[in-house]
Participant: 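Attaching a single structure in structure tokens format; questions to follow.
Throughout, a chain's letter reflects where its sequence line sits, starting with A, and its residues are numbered from 1. Every value quoted in this text rests on a predicted model; they were computed, and no experiment measured them.
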Amino acid sequence: MTMSLESTGGNHELAQEGSAGHLARVIAPVMALDAAARARVLALLAPFVVLALWYWATLRNWIAPQLLPSPSVVWDTFTQMLRSGQITANLAWSLRRVLFGFGIGAFFGLVLGWAMGLSKVLERLLYPSVVAIAQVPALGFIPLAMMFLGIGESLKLVIVAKAVFVPVLIHSMRGVGMVPAGYWELASVNEHRWLATLLRVVIPASLYQVVTGLRLALSQAWLALVTVELLASSEGIGYVMIQGRQLNQIDVVLVTAVIIGVAGFLLDAALERLERLLPGCDRTSRQPARRVRLKSNALGLGLIAPALFCVLWFWASRERWFDSRFVPSPAQFLETFNAQLFGGELLTDIGWSLQRMLAGLLIGGSVGIIFGVLLGRVHWLGSALLPSFNAFRQVTLIAWIPLLTLWLGQGEEAKQTFIALAAFVPVGLAAFEGTRAVSAANKELSAVFCVTGSAQLRWLVLPSALPHVFSGLELSLVYAWLATIGAEYFFKVSPGVGNAMIDGREHFRMDLVLSAVVVVGVLGFVLNRAVLLLRSRLLNWANQ
Amino acid sequence: MNSQKAATTTRGATSCRASVQYLVVTLVLVAFGCVFACRRGSEPKEDPLNRDAAGQVHVSAVQGTAKAVIRIGYPGVGIGGRPYIGGNIAAAVHGKRALESEFERDGIAIDWSLNKGAGPAVNELIAGRQLDLAYLGDLAAIIGRSIGLDTKIVAAGGRGGNLYLVVRHNSSFHSLNDLRGKRVVVFKGTALQLQAVRILEQRGYAESDFKTITMDQATGIAAILGGDVDALWAQFPILEYVEKGDVRVVASSREPAPDKTPSATAFGVLLATGEFERQHADWVQRVVSVFVKESDWGSEDKHRDELYNLWSRAGYPKVVFEKDGHDLSRRLSPLLDAQFIGEVKTGADAALKFGLIRKAIDVPGWFESKYIEHALKDLKLEQRWFGSRE
């Protein structure tokens, strides 16, 4: 979750850049206008075709109405739900929760992020812990939080705040790190006090990164909220969806899926507007976010915080501050963890989850690369499909679950498809960006040397797309891992780490839940490292 | 990434070639790994059924397409995902592997699909044409009918199911009135919800008087024990915790409504999909006969202990069945008699009234009673159960 949807932001520019690249080859401005208009027409074509196909399919009874009701039925349901106030009331609940949770998470994220950015000691002390926490997706966090907080508003606020906290913290920390050295000098020359430095230098200079972090955080907060509403709530848009699913009302599910998507899109668009209003931000210099590299000496300090936590935990359980059913003692936890890992089912669970995830990642990733390159290379296809793809991206992952169970059942196929869907989007987007990112100079060069077709793809497009693809892969790994846990929650019971969590909760075994959470975090971390390693091996030439 | 603009040198090209090769090799390796993993994974197909502590594999998974298979869905799993079920006739048939032995000689496999997602999940499977037969509780079956799933009721799956509304033993809630506006768990879209709203209506309440949260029963029990919610609607499994004194019953279907009418109870049905019923009427007949035979066995009071043992393999202590108070020959009656048809009608009307379905269903046309009648005659069990005849 540390990693960002940087690409989200770059989207609009990309679309423009893409068509600009296209336009560059068209000389006359009149023709250029035509091309833009053509692009717009093409963009409308895709949704129109989908709608027409949908309508036609239901009209001819190709698909059972229990699987896919006709567009008119869905529209009727929508207007009816709108009139009855069901949509507005529940959406208001959800938005209120998101905004409150967002406020709390963003506040703490900002304060701690700036503090960690300003103080190297603090950074070294806390950053490894933050990274560790970040590895546990919100979904994995829910059973644990539920055991502590029960099912109420506080659960939702904490889950949302956690989803917001991490990206905001990391971006604001990075923002401070990016303040040019000259600014600091200027501040010291002007003999600014501590507060003045903060207000006049640190905050303004890191603002751009902060807003990027906020925007990313908001989309994750929305996802996390819908998830928690699906699992435990009595109102909110996620609740309407799960109610529709329980009563097998697929039209209600479709309506809520679209509403969740549109709401997510509007929230994102609002922050994007804010981003544009920011003064003095050089939007063109946006760089793909680099992670702060952990140095080995930093790790020593970084161990202090977890160590302190362990001491506190040990102390608390010894002094019986908490009911041992809620907070197992470290010894108890270690024993369970050990027994589960080496004697119990946890290892089997890990194997199943990893296998599921890799299969999904492989399918989604390869389809994503092909899709992205195709969209990037074939311009008319790009302008026809890109806007629809962007709309598709906005439909929260979770919204696909009821639809997938209807279409593919509850077994492994459905799970892997769900994971593949999660992995597909970031890789597809990144491959598209990468393909379009071939520099004009290189293009000219290849034209001069008559490098075309597959040779061009291999020597020009692929090398310049690879860094982007890897950014996308890194992100899709996070999504795929999240989706794996989600699939194990929402589809048929089968072995897996996510299932181990649910089992633990059902049996009221906090130590089991905790073991599974740790495994989820560690595996997420290891997978991420693996991709980073692969990337640095593969792309060492690009970094020179 | 920024420097790449300038990097069109031969050096860049060679190392690029190296990296492309690297990528290809990695992808091939990953592909191999996945193929290997999937092959290994495909062996225990319906995995939860293989990893149970009890160790026995009790469900035949389908291997290949050459072998004929009957796919039967059930709305629930045992505690902690155990591949056993309890509390009704389907559980007895499943636990005794009665269908498996009936069809074994013809090489026909039985594929039981036990769904944690309960009735709604089974309906999804029926809609996706992934089941031939299904055992379902009342509401899920009614919903399936109302959304246009093509099914026939071929046997009653039991009746008189009880439901309990429980709170934590030390809570301050003592009546339905105390629970107004509180968080109450009910598993929506299942028989539990329909029975809960009917019980509430009999006592002058509506579902909307409470903050209802949907959870499957196992999660709901964890939630009430953990204090996450205020009250829970649950079937017999909760009696384990009532016995232990962890929770207390506030309302149940076992006491009559204030106006002395009996409280609403739940029923179950055995459904065959229309397609399966048309193509394999002989198989449907054999399945129904097996159900009738097992109902006959289970209705016998001398088998009560054995039956409860069978049911408790799903993870419930036997005491829950004893405390649930079963008149077995009434509860397990497979008859599609007038009383049962009446119950289905009442249930369907209630579902429509409470907005759980949006279209009224045709109840009489839903029954296909020729199988049960034939089975009763065949097994000479016409007088076995006291059914009200039309």
Side-chain angles (χ1 to χ4, degrees), chain A residues 64-67 146-147 150-152 232-235 242-243 245-250 287-288 345 348 352 355 358-359 362 402 405-412 439 441-442 445 458-459 462-464 466-467 492-495 499 502-503 505-508 534 537-544, chain B residues 1-5 7-8 11-13 15-16 19-20 22-23 26 30-31 33-34 37-38 41 46-48 51 77 79-81 115-117 120-121 123-125 127-128 130 143-144 147-149 183 188-190 211-215 218-219 221-223 225-229 356-358:
Chain A
Q66 298 90 31
L67 296 180
M146 233 185 241
M147 288 178 100
I151 292 163
S233 77
S234 51
E235 60 283 296
I242 197 69
Q243 168 136 316
R245 184 188 179 192
Q246 287 305 115
L247 298 178
N248 294 102
Q249 298 173 346
I250 195 70
Q287 292 175 354
E345 287 155 2
T348 337
W352 274 98
Q355 177 197 324
L358 286 179
L362 196 74
T405 51
L406 273 174
W407 295 335
L408 294 168
Q410 300 246 352
E412 283 303 305
S439 70
N442 286 358
L445 202 68
R458 180 164 173 197
W459 296 109
L462 207 60
S464 69
L466 262 186
K492 191 170 171 178
V493 188
S494 58
N499 194 51
I502 300 179
D503 263 11
R505 198 180 121 68
E506 267 176 26
H507 290 98
F508 223 78
L534 192 69
R537 279 286 164 79
L538 270 176
L539 298 178
N540 52 3
W541 54 272
N543 291 334
Q544 282 158 6
Chain B
M1 269 176 234
N2 297 334
S3 55
Q4 83 199 41
K5 277 181 191 168
T8 341
R11 184 183 52 79
S15 48
C16 165
S19 59
V20 168
Y22 202 105
L23 180 71
T26 325
V30 170
C34 281
C38 289
E46 295 308 305
D47 27 83
R51 68 167 198 157
V77 287
I79 290 188
N115 291 280
K116 189 181 164 70
N123 272 339
E124 286 174 357
L125 290 176
Q130 302 188 32
I143 288 175
I147 61 171
L149 295 180
R183 290 161 305 174
K188 296 203 174 187
T190 71
K211 284 178 134 180
T212 53
I213 300 169
T214 181
M215 279 184 198
T219 312
I221 289 177
L225 294 177
D228 304 344
V229 294
L356 304 175
I357 55 174
R358 292 175 293 185

Participant: Any idea which heavy atoms bring A/Q246 and B/K188 closest together, and the distance?
Facilitator: NE2-O, 2.6 Å
Participant: Which atom names give the shortest non-hydrogen contact between A/L247 and B/I143, and what distance separates them?
Facilitator: O-CG2, 3.2 Å
Participant: Can you name the closest pair of heavy atoms from B/P120 and A/R245 and give their distance?
Facilitator: CB-O, 4.1 Å
Participant: Hey, are the side chains of B/T214 and A/Q243 touching, using non-hydrogen atoms and a 4.5 Å cut-off?
Facilitator: no
Participant: Under a 3.5 Å distance rule, please check whether B/D228 uses its side chain to pair with a backbone N or O of A/I151 as donor and acceptor.
Facilitator: no
Participant: Indicate the atoms forming the closest heavy-atom contact of A/S234 with B/T212, along with that distance.
Facilitator: CB-O, 3.0 Å
